[in-house]
Amino acid sequence: MTDLPALLARSVRHHADRTAVRQGATLLTYARLGELTGRLAALLRTKGLRAGDRVAVALPNVAEFPVVYYGVLRAGGVVVPVNPLLKSGEMEFVLRDCGARLLVASPSCSDEAGAAAVRVGAECLVADPATFAASLKAFPPLTGTPGAADDDTAVILYTSGTTGTPKGAELTHRNLVGNALTTARTLLDVGPDDVLFGGLPLFHAFGQTCALNTAVASGAGLSLLPRFDAAEALATVRRDDVSVFLGVPTMYGALLRQGIGRALPRLRLAVSGGASLPVELLHAVERELGVTVLEGYGLSETSPVACFNAPDEPRRPGSVGRPVRGVEVRLVADDGSVVGPGEVGELVIRGENVMKGYWNRPDATADAFRDGWFHSGDLARVDEDGYYYVVDRKKDLVIRGGYNVCPREIEEVLYGHPDVAEAAVVGVPDPERGEEVAAVVVRKAGTRVTAGELRDYVRQRVAAYKYPRIVRLVEALPKGATGKILKRDIVVGPPTPSSPRRPRRTV
């Protein structure tokens with residue numbers, strides 16, 4: 001195995017003149033990327049950075065991100081990516097929790113980041129694109145790499161904190177290098193002639209491993225888009241001759257609503273992750289893009305790729321594929337016993353991709369690891385050929401009158417309706433049945449389907465205890481930085497006259 005800076009050093013040697021990063025009119029060759037990361041590493045050393053020190057990075061998908069990311073690693077530090085949209089108090093929590101003494105921030109969030117840094121006694125460096133490269137000229141590039149050990153922490157990724165405060169997943173050089181090489185070589189077959197779409201946030205595991213680190217490991221190009229917009233994304237794909245598109249389901253839905261318009265001759269493959277891709281949407285995207293869409297599965301704690309529909313194997317629409325190289329997966333019941341094909345169980349994982357633990361959270365680490373397996377909290381089933389199908393989050397199950405209802409199943413039915421653009425199913429408290437099933441739906445533009453019609457549509461297609469008694473029509477669903485629908489932020493308002501029963505509480 002090797003470390004992340006060594007991946008960059010190899011591409012600098014072999015692909016010096018190739019474009020490594022492009023963001024609009026800004027181009028960085030591998031030679032230039034190597035130089036700038038060396039200069040930043042030298043700057044950080046003058047700031048007193050020592051091996052293992054944490055450096056928080058609050059940057060969007062701009063050319064400065066890979067420079068800072070690899071610069072910190074070349075100086076021997078640990079990268080702590082932070083969503084630049086976080087408020088000051090949220091950033092303060094991350095800085096205080098990981099003990100970062102340095103924070104590199106975008107001008108767009110410098111006020112919030114600076115205030116957080118002051119409160120924890122850290123220094124905030126603002127990476128202004130207009131002056132960033134020039135400010136590094138005074139520092140001779142640091143040569144060589146720190147030679148980190150396989151199990152040294154490279155990155156701490158803070159989870160979304162859907163239950164309690166966020167936890168920092170410690171990902172090692174072995175975790176991230178192994179996952180990037182697996183993605184590049186055995187899953188996507190990425191080479192120096194490829195250009196990867198960089199619209200997924202690089203502060204997130206999906207974008208960081210499958211876009212940034214995979215591109216660097218292959219000598220490929222990375223085409224960055226700071227903020228996802230369907231029209232801008234299509235323009236970027238065409239302008240930069242993108243060959244591999246990486247996205248989440250909501251991105252693909254937005255592309256369809258935008259309209260592809262004309263051919264994308266260089267595009268050869270599309271990848272979906274972050275959430276389950278409804279089968280109807282998958283087929284629609286393939287028709288419009290004219291390429292195969294491969295779905296995978298992973299978490300921040302698994303670097304992230306654990307399962308994938310490899311391009312050289314039979315694909316199963318609706319499946320997240322089979323375990324990738326170096327990874328074992330199985331399904332277990334609540335008592336820890338392994339369940340067989342066709343049965344639903346919790347998906348547990350072990351292998352070279354699994355984090356070493358949660359930063360300074362021994363109790364949370366012990367709870368997540370049992371008998372050497374990381375427990376994902378996701379429910380899945382596996383078929384006779386070893387293909388996995390994620391059913392739902394274990395904690396997202398709606399238990400209605402003692403019956404388990406999987407929101408994903410109801411969402412799939414709703415996505416089958418021609419007037420539905422997006423849908424999310426959640427449980428709301430109910431005094432009689434414990435929980436009631438509620439669906440929150442965004443209609444396609446120009447359609448007029450009613451809540452009652454959607455409720456009847458689902459009722460005709462699922463068991464009586466499963467269909468949503470409550471249906472809400474909204475203009476948009478809350479989404480996180482990666483475009484993933486945030487069910488924890490969904491509020492089911494007061495019942496309308498069309499709702500057959502009135503719950504006493506809302507969420």
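Along the sequence shown, residues are numbered consecutively beginning with 1.
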(message) With a 6.0 Å cut-off (strictly less than), is the heavy-atom count around CG of D371, excluding the residue itself, greater than 12?
(response) no

(request) Give the minimum heavy-atom separation between Y387 and P314, together with the two atoms involved. (result) OH-O, 2.5 Å

(message) Looking at every heavy atom in both C109 and P84, which two are closest together, and how far apart are they?
(response) CB-O, 3.2 Å

(request) Find out whether T19 and L28 are in side-chain contact, i.e. whether some heavy atom of one side chain is under 4.5 Å from a heavy atom of the other. (result) no

(message) With a 4.5 Å cut-off on side-chain heavy atoms, are P192 and R18 touching?
(response) yes

(request) Measure the shortest side-chain to side-chain distance between P304 and L299 over non-hydrogen atoms and say whether it is less than 4.5 angstrom. (result) no

(request) Using atom types as modelled and distance alone, determine if a side-chain donor or acceptor of T209 lies under 3.5 Å from a backbone N or O of F206. (result) no

(request) Could you point out which residue of D241, D193, D194 forms a salt bridge (charged side-chain N to carboxylate O under 4.0 Å, His left out) with R268? (result) D194

(request) State, with a plain yes or no, whether a side-chain heavy atom of L157 is found less than 4.5 Å away from one of V80. (result) no

(request) State, with a plain yes or no, whether a side-chain heavy atom of L256 is found less than 4.5 Å away from one of E288. (result) yes

(message) For a 4.5 angstrom cut-off between non-hydrogen side-chain atoms, does T214 reach L196?
(response) yes

(message) Please determine whether side-chain hydrogen bond (donor to acceptor under 3.5 Å, both in side chains) holds for the pair E170 and T153, giving the CA-CA distance in whole Å, both sets of side-chain angles, and the decisive distance to 0.1 Å.
(response) CA-CA 6 Å; E170 284 192 78; T153 301; 2.7 Å; yes

(message) So that I can tick it off, tell me whether E352 and R174 are bridged by a salt bridge, with the cut-off set at under 4.0 angstrom between side-chain N and carboxylate O.
(response) no

(message) If I compare all heavy atoms of A215 with all of G221, which pair ends up nearest, and what's the gap?
(response) CB-O, 4.1 Å

(request) Measure from the side-chain N and O atoms of N309 to the backbone N and O of S319, and report whether any donor-acceptor pair falls under 3.5 Å. (result) yes

(request) Determine, for R461 against E409, whether the closest basic-nitrogen to carboxylate-oxygen distance falls under 4.0 angstrom. (result) no

(request) Could you walk me through whether E343 and R381 pass salt bridge (Lys or Arg N to Asp or Glu O under 4.0 Å), step by step? (result) CA-CA 6 Å; E343 299 180 67; R381 60 182 174 83; over 6 Å; no

(request) Output yes when R239 and E232 qualify as a salt bridge under the 4.0 Å nitrogen-oxygen rule, no when they do not. (result) no

(message) Return the CG to CG distance between L7 and L181, rounded to the nearest 0.5 Å.
(response) 5.5 Å

(request) Keeping the roles fixed (side chain from D367, backbone from A364), state whether a donor-acceptor pair exists under 3.5 Å. (result) no

(request) Could you check T182 against L187 for side chain to side chain contact (heavy atoms under 4.5 Å, CB included), going step by step and ending with a plain yes or no? (result) CA-CA 6 Å; T182 294; L187 302 182; 4.2 Å; yes

(request) Measure from the side-chain N and O atoms of E295 to the backbone N and O of V320, and report whether any donor-acceptor pair falls under 3.5 Å. (result) no

(request) Indicate yes or no: does D419 engage R443 in a salt bridge with an N to O separation below 4.0 Å. (result) no

(message) Is it the case that the side chain of E280 and the backbone of Y415 share a donor-acceptor pair, with hydrogens and angles ignored and the cut-off at 3.5 Å?
(response) no

(message) Could you measure the distance from the CG atom of L212 to the OH atom of Y70? Nearest 0.5 Å is fine.
(response) 4.5 Å

(request) For R408 and S276, test the side chains for any donor-to-acceptor distance below 3.5 angstrom and give the result as yes or no. (result) yes

(message) I need the minimum non-hydrogen distance between G318 and Y389, along with the two atoms involved.
(response) O-CD2, 3.4 Å

(request) Spell out, as yes or no, whether a donor-acceptor pair under 3.5 Å connects the side chain of S106 to the backbone of S108. (result) yes

(request) Please answer whether the main-chain N or O of L486 pairs with a side-chain N or O of K479 as donor and acceptor at a distance below 3.5 Å. (result) no

(message) Rounded to the nearest 0.5 Å, what separates atom CG in N179 from atom OG1 in T302?
(response) 7.0 Å

(request) Is it possible for you to check whether R459 lies under 6.0 Å from the centre of the six-membered ring of Y467, through NZ or CZ, and within 45° of that ring's axis? (result) yes

(request) Walk me through it: do V329 and L347 pass the test side chain to side chain contact (heavy atoms under 4.5 Å, CB included)? (result) CA-CA 7 Å; V329 171; L347 199 149; 3.8 Å; yes

(message) Using 0.5 Å steps for rounding, measure from the CG atom of N175 to the CE atom of M355.
(response) 9.5 Å

(message) A quick test of your reading: do over 12 heavy atoms of other residues, nucleotides or ligands sit less than 6.0 Å from OH of Y465?
(response) yes

(request) Verify the distance criterion only: is there a donor paired with an acceptor across the side chains of D378 and Y388 at less than 3.5 Å? (result) no

(message) Just so I know, are the side chains of H283 and P317 near enough to count as touching, which here means a heavy-atom distance under 4.5 Å?
(response) yes

(message) Measuring from atom CZ of F228 to atom CG of N61, what distance do you get when rounded to the nearest 0.5 angstrom?
(response) 12.0 Å

(message) Set out, in order, the CA-CA distance, both residues' side-chain angles and the distance that settles salt bridge (Lys or Arg N to Asp or Glu O under 4.0 Å) for E301 and K167, then state yes or no.
(response) CA-CA 10 Å; E301 292 90 340; K167 301 185 293 289; 5.7 Å; no

(message) Has S243 got a side-chain atom pairing as donor or acceptor with R266's backbone, closer than 3.5 angstrom?
(response) no

(request) Classify the side-chain pair T186/R325 by whether it contains a donor and acceptor separated by less than 3.5 Å. (result) no

(request) Under the side chain to side chain contact (heavy atoms under 4.5 Å, CB included) rule, what do V57 and V82 come out as? Steps first, then yes or no, please. (result) CA-CA 6 Å; V57 180; V82 178; over 6 Å; no

(message) Test your reading of the model: is there a side-chain donor-acceptor pair from D392 to the backbone of L397, 3.5 Å cut-off?
(response) no

(message) Could you report the tightest heavy-atom contact between F197 and V237, atom names first, then the distance?
(response) CD1-CG2, 4.2 Å

(request) Using a strict 4.0 Å threshold on nitrogen-to-oxygen distance, state whether D385 and R316 make a salt bridge. (result) yes

(message) Testing L202, V216, L59, N213 one by one against Y69 for a side chain to side chain contact (heavy atoms under 4.5 Å, CB included), which residue passes?
(response) N213

(message) For a 4.5 angstrom cut-off between non-hydrogen side-chain atoms, does C406 reach V391?
(response) yes

(request) Grab the two heavy atoms, one from R350 and one from V354, that are nearest each other, plus how far apart they are. (result) CA-CG2, 3.8 Å

(request) Please test E286 against L282 for side chain to side chain contact (heavy atoms under 4.5 Å, CB included), starting from the C-alpha separation and ending with a verdict. (result) CA-CA 6 Å; E286 290 188 331; L282 181 147; 3.8 Å; yes

(message) Using modelled atom types and a 3.5 Å cut-off, is there a donor and acceptor pairing between side-chain atoms of T365 and backbone atoms of R361?
(response) yes

(message) Pairing donors with acceptors under 3.5 angstrom, does anything connect the side chains of D240 and S223?
(response) yes

(message) As a test of understanding, state which of L200, V271, I485 forms a side chain to side chain contact (heavy atoms under 4.5 Å, CB included) with V248.
(response) L200

(request) Look at atom CZ of R257 and say whether more than 12 heavy atoms of other residues, nucleotides or ligands are closer to it than 6.0 Å. (result) yes

(message) Can you tell me how far apart CZ (F245) and CG (L267) are? Round to the nearest 0.5 Å.
(response) 8.0 Å

